[in-house]
Amino acid sequence: MSDIEFIGMIQGQKVSEIHPARGPAIDRDYVRAFAQAHEQAGFDRVLVPHHSTGPDATLTVAYAASVTERIHFMLAHRPGFVAPTLAARQFASLDQFSGGRLAVHYISGGSDDEQKRDGDWLDHDQRYARTDEYLDVLRKVWTADKPFDHEGAHYRFKDAFSEVKPVQSQGGKPHVPVYFGGASEAAIPVAGRHADVYALWGESLDQVRELTARVRAEAARHGRSVRFSVSFRPVLADTEDKAWERADAILAETRRLRVVQGFGRGGPQQSEGARRLLAAADKGTRLDKRLWTAVAQEIGGRSNSTALVGTPDQVADALLDYHELGVTTFLIRGFDPLEDATDYGRALIPRTRELVAQRLAVRRKAA
């Protein structure tokens, strides 16, 4: 595992807070260009998100993997709509066909309304309890060398088994890496038991320090260690003043489009992560060195919507502060999605890798 990992995000068409969706939900040429741009820019992995009205993320990963060679993928997946026995075989198959390039980000769901679109009527805490059992079953299917029975609160199987196992392994056992998000009291115990990488949205340094400490303590109870990921929307320019001018323009266009589309500011629904972003925004639109919360505040804290604003060197320096807290993965995506991915590859990604390598070399020398 590298000392630092960069994850991007690809979608089925060009869309963001400042780019309204146009045309069909799937633009195959755009997906191909988007995935290849991330590979060329030096990203380690790309997230393919899930939404109850959007394209199937599993099939999107399969297509993107077929038009790339090296880049890895993070499939967003909501437990509860596919039986875990079937999901385990799907993920193992996709890991095989992609050459061991798959990870899965398990999202239990922070919106009752969103879940109900696909027929899920469990409440917030019940969804996390289901995810806990779901991940137990997945691991059993991946690692079992003979059929097994399972009877739990949410799932019941007889003679469950999979002939296909993941390419990747952990501790010598078949295993597709588990990324996990959720900051509520119901989520943290599940993270401690299952997460290989625990993912936070772009919170302040104090918030990240507090939350990662809680997750570490929970994981330690199970004799485990966890890596951490934080998500940002870097806004870059050649000078700091130009970067803030660009940020102001992004906020103005976000507000304009929300008025045109008839959207209100909204709220965090059942998402503790969204509430935490709004709590950060309540302390100001500019926090720490570079953290900008204005868009998160505008859209109700939903999704990874906080930014780091500045030159590539300045933003890389800000990322280093999070790395000091133990964050080794950064999910970065732009408001101009494809163009920003390419831009990040020019300076931000290599500069951050360079700074991390320098700091680690100094520490090794001092030791």
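Looking only at side-chain heavy atoms (C-beta outward), Ile10 and His38 come within less than 4.5 Å of each other. Between Arg233 and Asn304, the closest side-chain pair of non-hydrogen atoms falls below 4.5 Å. Between Leu75 and Thr60 there is no side-chain heavy-atom pair separated by less than 4.5 Å. A heavy-atom distance below 4.5 Å is found between the side chains of Thr311 and Gln314. Residues Ser162 and Trp142 form no side-chain contact, since every pair of their non-hydrogen atoms from C-beta on lies 4.5 Å or further apart. Within the 4.5 Å cutoff, no side-chain heavy atoms of Ser229 are placed close to those of Phe330. In this structure, the side chains of Trp292 and Leu308 stay at 4.5 Å or more apart for every pair of heavy atoms. Contact check for Tyr155 versus Tyr134: side-chain heavy atoms found under the 4.5 Å cut-off.
Between Arg221 and Glu218 a salt bridge is recorded (basic side-chain N to carboxylate O distance below 4.0 Å). Using a 4.0 Å cut-off between a side-chain N of Lys or Arg and a carboxylate O of Asp or Glu, Asp149 and Arg156 do not qualify as a salt bridge. Taking 4.0 Å as the cut-off between side-chain N and carboxylate O, Arg276 and Glu272 do not count as a salt-bridged pair. Between Asp317 and Lys289, at least one side-chain N (NZ, or NE/NH1/NH2) sits under 4.0 Å from a carboxylate O, which counts as a salt bridge.
With no hydrogens or angles considered, a side-chain donor-acceptor pair links His150 and Glu133 at under 3.5 Å. The closest side-chain donor-acceptor pair between Arg32 and Tyr63 falls under 3.5 angstrom. Between the side chains of Arg139 and His194, a donor-acceptor pair is found at a separation under 3.5 Å.
Two different hydrophobic clusters hold Phe81 and Val190 under the rule that ILVMFWY side chains link at heavy-atom gaps under 4.5 Å. Put simply, Ile71 and Ile332 are part of the same group of oily side chains (I, L, V, M, F, W, Y) that touch within less than 4.5 Å, one to the next. Cluster membership check: Val46 does not share its hydrophobic cluster with Val15, using side-chain heavy-atom separations under 4.5 Å among Ile, Leu, Val, Met, Phe, Trp and Tyr. Linking ILVMFWY side-chain heavy atoms closer than 4.5 Å, directly or via other members, places Val104 and Phe228 in a single hydrophobic cluster. One hydrophobic cluster, built from ILVMFWY side chains closer than 4.5 Å, holds both Val356 and Val327.
Note that the CD atom of Glu39 and the CZ atom of Arg45 stand 13.0 Å from one another [nearest 0.5 Å]. For the atom pair Leu320 CG and Glu324 CD, the distance stands at 6.0 Å (nearest 0.5 Å). Expressed to the nearest 0.5 Å, how far OG1 of Thr68 lies from CD of Gln40 amounts to 10.5 Å. In this structure, the separation between NE2 on His19 and OG1 on Thr254 is 9.5 Å, given to the nearest 0.5 Å.
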Report the C-alpha separation of Tyr322 and Leu205 in whole Å, then their side-chain angles, then the decisive distance to 0.1 Å, and conclude whether the side-chain contact (heavy atoms from CB on, under 4.5 Å) test is met.
CA-CA 7 Å; Tyr322 288 90; Leu205 291 166; 3.7 Å; yes

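Nearest heavy atom pair, residue Tyr179 against residue Arg227, reads OH-NH2, 4.1 Å.
The salt bridge (Lys or Arg N to Asp or Glu O under 4.0 Å) test with Arg246 is passed by exactly one of Asp343, Asp340, Asp241: Asp340.
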